[in-house]
2 protein chains.
Amino acid sequence: MASEQNLLTRVAYQYYILGQTQQEIAETLNLGRSTISRLLTRARQEGIISIKIAGADTELLALEAQLKERFGLRNVDLISTTTDMSEQDKETALAHESARYLKQIIRPNDHVGIAWGSILAKMVGQLDHPKTTNAIFVPLVGGPSAANAEYHVNTIVYDLARQFGGTSVYINAAAVQESRYLRDGIMHARYFQELANAWQHLDIAFVGVGGPLAKATNSHWRDLLTEADIMLLKEQKAIGDCCCTFFDQHGKLLAPSLRQRTIAIALSQLQKVPISVAVARSQNKVPSLKALLSMAIVNTLITDEETARALF
Amino acid sequence: MASEQNLLTRVAYQYYILGQTQQEIAETLNLGRSTISRLLTRARQEGIISIKIAGADTELLALEAQLKERFGLRNVDLISTTTDMSEQDKETALAHESARYLKQIIRPNDHVGIAWGSILAKMVGQLDHPKTTNAIFVPLVGGPSAANAEYHVNTIVYDLARQFGGTSVYINAAAVQESRYLRDGIMHARYFQELANAWQHLDIAFVGVGGPLAKATNSHWRDLLTEADIMLLKEQKAIGDCCCTFFDQHGKLLAPSLRQRTIAIALSQLQKVPISVAVARSQNKVPSLKALLSMAIVNTLITDEETARALF
DNA sequence: CTCTCGCCTGCACATTTGTGCAGGCGTTAG
DNA sequence: CTAACGCCTGCACAAATGTGCAGGCGAGAG
């Protein structure tokens, strides 16, 4: 009943199981309260105390913690996907979680930037009771090609703003222009300044991640790229993009000539946003997502379990 | 990831597994710290969190808590006995634990009262490194019959005092006298006053419990009783004694005529001692021990697992 | 649409827990 | 036996946690 180990378990029992206060334990054992505190610390260190969380998908939570650690993220939010879900279902689930997360973190009068992305587009309408806030929603990238007009990024920010009782700013230019002069002209135009200004004062940014070029067929904006752009990107081994900025597996930004024709927030600017959230899933986005995370452009990640596992 | 249950497990995980502070959790979830505190309370209540103490004889500790609750005791200390131990071994183990416990609770200059009892007698010499203190050890009952002189209670207090670097007071009378006049005379004698005075200022008292009369053969003092005493006690259904005071299963004190011839601390006085410890074990002492505990004479119990279980 | 009711939250304060520092006791080497 | 070393403890302060109270928000009735 005396020896070391035994004392530890006794103290641990009284504290954790009986719920006694350290002071009470100290009195029954005729020891100083500090001593009890130290004994408990030892007991925890020596693993005498094991705490289990019932009914929880602990693995998922552990995975979140690991990812957070691995990429130095502020926060990671994972959803569990079951094998019987279609890709469609998984995307919807992720969009729903993204919307919920936005609701969770948004504060009154926040400036919220939204980039292009199939999942971000699906966020709209996922919430039963969106918080009413006076947030300002702004696009982070230019619009799609004329062929995809109905998926215009303006639509997303407009709908989100309406749901959250806020306002939205529109973007009146396609994501990729034909020349850097055209792009510079637009970005320096008076009507563009509101947007440019908003980009500098973002509180929250939600971005997607683009996968490899080969899969570009279903993209809503990549048809704006020229043959030459694509050639160049392939040559430089692009593995994906974020906000229309391409990079390789090492996180190196590619094709300056293309970047100079792109109307979108710069990644360096995105990096300064207090809460910058990447939302993405699927096997083929793993390499680009991994690169993006390594670049420390975003500080928050929302994805699903299978994608998360592939990130290590 | 959102709903109630899920939030609870998440918070519990971050707090208990990851060891984050409530403040940190509140920040990642964008909630108030108080809310996290409340969520954790709920999680504990709903049993989402299960804490196990590794390698511990948890049952023993649980038993202690139950006994404490059941009899309103200040403290309970149990030792585990294995079936391969002889009765002798078990007694020694209990004596050892009693000695250890005394060492644990004793403070400098304490007045420590010791009653008769086979286990109390064995306490002597059980400690490797007794604390040095200036405690005063006093007997709580008179000595044994002449036939058992070598087990005199004075020997115990003397040895204990020596081990703890303190002093001892002796008692110069047998536990039971032949008449109340003789007893009163002794107890009012000048030389007895030091003892009587000590009884009023006890900080700690260790007492044993006597079993039923039928088993009295191995007692060191019950041969002082007369035939008439024994007849009377049996008639009144005595189940045991403490400090030479007999009681029945309801805790009723018996045989006033005998009590008036007894030289021992009164149970009512024992009740006032801040830390009063009963040390006893074995099946045949269960009824008397149970009665004693119900009387709330002592506030601390040291026994073994099997005896403890039988007390319910 | 308006009002009421009740739950939930944040705030501020009380309690509980954690920790650096200084002093005491025991142990060991000489 | 003495002295030096180191572990352990209590103290006092810092950090973290628990909780009553008041205000806000949404659900539901009228």
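Below, chains carry the letters A, B, ... as their sequence lines are ordered, and counting in each starts from 1.
Ion pair Arg74(B)/Glu27(A) not flagged as a salt bridge, since none of the NZ, NE, NH1 or NH2 atoms sits closer than 4.0 Å to an Asp/Glu carboxylate oxygen. At a threshold of 4.0 Å, the pair Lys68(A)-Glu64(A) does not count as salt-bridged, since none of the basic side-chain nitrogens sits closer than that to a carboxylate oxygen.
Rounded to an integer number of Å, the gap from CD of Gln23(A) to C1' of dG18(D) is 17 Å. Straight-line distance from the CD atom of Gln22(A) to the P atom of dT19(C): 11 Å, rounded to whole Å. Protein atom CD1 of Ile36(B) is 14 Å distant from nucleotide atom C1' of dA16(D), rounded to whole Å. The nearest whole Å value for the distance from the CD atom in Glu27(B) to the C1' atom in dA16(D) is 13 Å.
OP1 or OP2 of dG18(D) sits under 4.0 Å from a side-chain N or O of Ser37(B). Contact check, Arg44(A) against dT17(C): no side-chain N or O comes under 4.0 Å of OP1 or OP2. Between Tyr15(A) and dT17(C), a side-chain N or O to OP1/OP2 separation shorter than 4.0 Å is present.
Residue-level contact check: Thr21(B) touches the backbone only, with heavy atoms under 4.0 Å from sugar-phosphate atoms and none from bases.
Residue-environment remark: OH (Tyr158(B)) stays at or below the threshold of 12 foreign heavy atoms within 6.0 Å. Around atom CZ of Arg107(A), no more than 12 heavy atoms belonging to other residues, nucleotides or ligands sit under 6.0 Å away.
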Would you tabulate the nitrogen or oxygen pairs shorter than 3.5 Å linking the protein to nucleotides 7-10 of chain C?
unit_1, atom_1, unit_2, atom_2, d
dG10(C), OP2, Gly32(B), N, 2.7
dG10(C), OP2, Thr35(B), OG1, 3.1
dG10(C), N7, Arg38(B), NH2, 3.3
dG10(C), O6, Arg38(B), NH2, 2.8

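With hydrogens and angles ignored, the 3.5 Å screen pairs no side-chain donor or acceptor of Asp203(A) with any backbone N or O of Ile275(A).
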For side-chain contact (heavy atoms from CB on, under 4.5 Å), just list the numbers for Thr300(A) and Asp77(A), CA-CA rounded to whole Å, side-chain angles, deciding distance to a tenth of an Å, and then say yes or no. CA-CA 8 Å; Thr300(A) 310; Asp77(A) 189 6; 6.0 Å; no
